[in-house]
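Single-structure report; data block below.
Within every chain, numbering begins at 1; the chains are lettered A, B, ... in the order of the sequence lines, protein sequences first and strands thereafter.
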Number of protein chains: 2
Amino acid sequence: MQNGKLPERATLRDVARLAGVSEISVSRVMRRAPHISDALREKVVVAANTLGYTPNRVAGALKTATSNLVAVVLPSMSNEVFPEVLDGIESVLSGHGLCPVLGITQYDSGRELEVVRELLSWSPVGIILTGLDQDAAIRRILLHQNIPIVQIMDVEGTPLHAAVGIAHGQAARDAAELLIERGYRKPAYIGAWAERPSRSRIRRQAFEARLAERGHPLVTAQISAKKSSVQTGAEVTQALLATHPAVDAIFYANDDLAIGGMFHCMKSGLAIPGDVGLLGFNGISFGQAAPIQLATIQTPRFEMGKRAASLLIEKNAAKGLIVDLGYRISVGSSL
Amino acid sequence: MQNGKLPERATLRDVARLAGVSEISVSRVMRRAPHISDALREKVVVAANTLGYTPNRVAGALKTATSNLVAVVLPSMSNEVFPEVLDGIESVLSGHGLCPVLGITQYDSGRELEVVRELLSWSPVGIILTGLDQDAAIRRILLHQNIPIVQIMDVEGTPLHAAVGIAHGQAARDAAELLIERGYRKPAYIGAWAERPSRSRIRRQAFEARLAERGHPLVTAQISAKKSSVQTGAEVTQALLATHPAVDAIFYANDDLAIGGMFHCMKSGLAIPGDVGLLGFNGISFGQAAPIQLATIQTPRFEMGKRAASLLIEKNAAKGLIVDLGYRISVGSSL
DNA sequence: CTGAAAGCGCTAACAT
DNA sequence: ATGTTAGCGCTTTCAG
C-alpha cells in the first residue's frame, strides 16, 4: 500500500483474520448458512464491511462445481426481437439469482462455435441458443456438457433438449392463405440482410410454396443485402413497386421493413390497402400504433424468453420437450 | 456410465491421461502457448476431441486471478436505447475475447446494489454502469475492486473512474431554445414511467428552467405512470391536447412517446407542425423514416457502448476521463 | 455452533 | 520442448 500498489481485493482469509474467526465461519456468514450465532455474524459483517469484501465466486464455483451463470447465445441485438427475448430471459433469471452471460453471433456459425466454447468454459448452469440448426461441431460440444440446453425461436425441427418457439413455416403458409383469402393475386416478398436469419428464408420458402399451390405464385422476392431497417424497407418497397407495378400485396420478413414500406406509401400517396396491401412479421409496437395499423403475425418474444429461462431452471429441458407458443395473426388495416 | 450416471465433464487430467502426456502440456496446447511440438499438439487435440473436453475457465480464472468477463449493468431492455448500447459494447468486447455478464436494474437502486455485488463476485476485468448517480453503498463496493469502472450515459457529474455519455441538461436547454427560436410560445412536456429514468427528470427540469428564463414557461408537464411506449405517447398526447388546447409544441422524454404523439395527430387530423410541433429525444430509426420526419435530439448510443468498452480495455478508465460524445439536433419536419 | 483439513481444475514458476 | 510442484480462494467433510 505504502509503495503505491493498489490494495488487493480482500479474501475470506483477510476477513477471518480481522474478525478473529476461522475462514469457514466467514464463508458461512456470507452464504447465510444456518446455525450461526449473532455474535459471530456481527463480527464477520463488520470485518467484511471494513475491508469492502466481495465474495469470490470463481473460487466458490470451482469448489462446488456449479455457478449462477446462464449462457445466452443470440444472433443479433439490432432489432426489437432479441432484446425482448433477452428481457424475458433476464426477468426470470434474476428472480433466481442467476446472471446471463451473453454471446452475439451476428448469424455467423463460425462465430457461434467460438461463442459457445467461450461461454461453456464458464461452467454455466445451462445454455440458451437461438434456432435448431447449429453445426454438428457445436452440437457435439453442447451434448458433452451436463447442462440443460434450451433452443429458442423455432419448433419445426429436433431440439437437442428442449425448444421454445413458434412454427415459422406454418406462419408463412397462413400469411399466404390470408393474402389469397383477402383477394390479393399478385403477391411479393421483401427481405433483407441477404436472408442471413435462417428463419426468414424458411418463411419465404413456405410462403412461396403455398402461394404456388394456391395458383397465385409469388410475383417477385426482393432480398436486400443491407441489414433490415425501416429505411431499407422503404427503399426496397419503392424499387419493387417501380419495377413490378402489378404487385398488389407485400409480405415482409419483419415489421421494420414493413413499416418502412408503409412510410414509403404514405409519402408517395399510395393507398394502403387500396393500391397495395402490407403484411409484416413480429407485431412490434410501432406497427400496431401506426395510423394505418400494420397487419402482422404477432410473435411472443418476451414470453419466449421467460419460458426458455423457466425451462432451464426447472431442468425439464432434457425431456425432448417442444413448447410451441404459437402466433396470432393481426389483420390490422393494412390489408 | 454403466449405472446410468451422466458422464462427468472431462478435465485436463482426463485429457492428459488419454494422451499420455502431462497436464501442463494439455494446458499449453489448449491456450496455444508457444514452443509446442506438432506431435504433442496432435496427441492432445485428438484426446481432447475424443472426450469433448471444454477448458474450465473457472479454475483458470482462480489461478490467474483474471477473467474474460466484463460486468454490464443496464437499467432496462425495453426500448431501443440500451440494446443499442449493449450492441456497441459487445461489438468491441467480442473482438478482444471478452464476454459481457449482464445485470438489469429496472431503474431500482436496491436491485442495482444486488446486481453489482453479484457481477463483481465473478471477478470481471471491468464494469460498465449506467449513470453517475449510484448509491454510496454501491460506490463503496466498486472502489474496493481493482478494476476499471466506466459509467455511461451522463457526463454532467463526477465519474468514479471514467464516463462516456452526453450532457442531458444542456441538450434539454437546447431543446427549449429551439422551440422558442421556432416561435413556439406554449410548450408542454410529456414523460412516462413516473420519470424513473433519472436522465428524463434532469432533462425536464433543465427544459423547464430554460423556458422560464426565456419568458415562455412550460404550460404543463404530463408524466404518465405507465412505461414509455408508442401507445402511451399517443394516449398522453391526446389527453394533454384535450385539456390544454393552447399548447403549440410538445417535447417528449423520448422518441417512442413522440412517435406515439405523431401517430395520434395523424389519426386525429391535426397538422404537424401547423397545429402542434413535436420534438423527441434519441433519434431512433422509426422517427427519422416517418412520413413526417421527427425533430429530435440524436444520441450516439452504439458509439457510446463502443467507447465505453474501449475505455475499459485500454485501462484508461482510471484517469477521471470524461468523454462527452455530444448530440445532434435533427430539426426534422415535425417543428 | 465453530473449526481443521483437503482439494476443486487449472497454470505460474521453476526444473530438466 | 516437456514435466513437477505448489497454490489460487473457497467450501465440503469430518471433528469437536
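- The 12-atom threshold is exceeded at CZ of A/Arg111, counting heavy atoms of other residues, nucleotides or ligands nearer than 6.0 Å.
- At the phosphate of C/dG3, OP1 or OP2 sits under 4.0 Å from a side-chain N or O atom of A/Ser25.
- Checking C/dC1, C/dA12, D/dT11 against every side-chain atom of A/Ile24, the shortest atom distance belongs to D/dT11.
- Of the candidates C/dG3, C/dT11, D/dT11, D/dT11 carries the atom nearest the A/Ser27 side chain, counting heavy atoms from C-beta on.
- Heavy atoms of other residues, nucleotides or ligands lying less than 6.0 angstrom from CZ of B/Arg57 number more than 12.
- Taking the side chain of A/Lys63 as heavy atoms from C-beta on, and the options D/dG3, C/dC1, C/dA6, the nearest nucleotide is C/dA6.
- No more than 12 heavy atoms of other residues, nucleotides or ligands lie within 6.0 Å of CZ in A/Arg13, so this atom counts as exposed by the packing criterion.
- Remark: A/Tyr53 is in phosphate contact with D/dC10, judged by side-chain N or O atoms under 4.0 Å from OP1 or OP2.
- In this structure, B/Arg28 reaches the bases: a heavy-atom distance under 4.0 Å links it to at least one base atom across the strands shown.
- For the side-chain contact (heavy atoms from CB on, under 4.5 Å) with A/Arg117, the lone residue among A/Leu120, A/Val115, A/Leu119, A/Leu113 that qualifies is A/Leu113.
- Comparing A/His35 and B/Thr11, the nucleotide of DNA chain C nearest to each residue sits closer to the 5' end for A/His35.
- When distances run from any side-chain atom of B/Val21 to the nucleotides D/dG3, D/dG9, C/dG3, the shortest one goes to D/dG3.
- As a whole-Å value, the separation of A/Leu12 CG from D/dT11 P is 6 Å.
- Side chain of B/Asp14 to main chain of B/Thr11: a donor-acceptor pair is present (N/O by atom type, distance under 3.5 Å, no hydrogens or angles).
- Of the candidates D/dC10, C/dC1, C/dG9, the closest approach to any side-chain atom of B/Asn56 belongs to C/dG9.
- The distance between atom CZ of A/Arg13 and atom C1' of D/dC10, rounded to the nearest whole Å, is 11 Å.
- Applying the salt bridge (Lys or Arg N to Asp or Glu O under 4.0 Å) rule to pairs touching residues 74-88 of chain A yields A/Glu84-A/Arg301, sequence neighbours excluded.
- The overall bend of the helix from C/dC1-D/dG16 to C/dT16-D/dA1, read as the angle between its terminal helix axes built from five base pairs each, is 30° when rounded to 10 degrees.
- In this structure, A/Arg41 places its CZ atom 9 Å from P of C/dT2, rounding to the nearest Å.
- Residue B/Ala59 has its side chain nearest to C/dC10 when only D/dT2, C/dC10, C/dA4 are considered.
- Protein atom CD of B/Glu23 is 13 Å distant from nucleotide atom C1' of C/dG7, rounded to whole Å.
- Side-chain atoms of B/His168 come within 3.5 Å of backbone atoms of B/Met153 as a donor-acceptor pair (strictly under, hydrogens ignored).
- Comparing C/dT11, C/dC1, D/dC8 by their closest approach to the side chain of B/Leu62 singles out D/dC8.
- Atoms CE (A/Met30) and P (C/dT2) sit 16 Å apart, rounded to a whole Å.
- Atom CG in A/Asp14 sits roughly 12 Å away from atom P in D/dC8 (whole-Å rounding).
- If you take CZ of A/Arg31 and C1' of C/dT2, they are 13 Å apart, rounded to a whole angstrom.
- When the side-chain nitrogen and oxygen atoms of B/Thr64 are compared with OP1 and OP2 of C/dC10, none of them lie within a distance under 4.0 Å.
- At whole-Å resolution of the value, CG in B/Asp38 and C1' in D/dT2 are 15 Å apart.
- No side-chain heavy atom of A/Leu312 sits under 4.5 Å from any side-chain heavy atom of A/Leu98.
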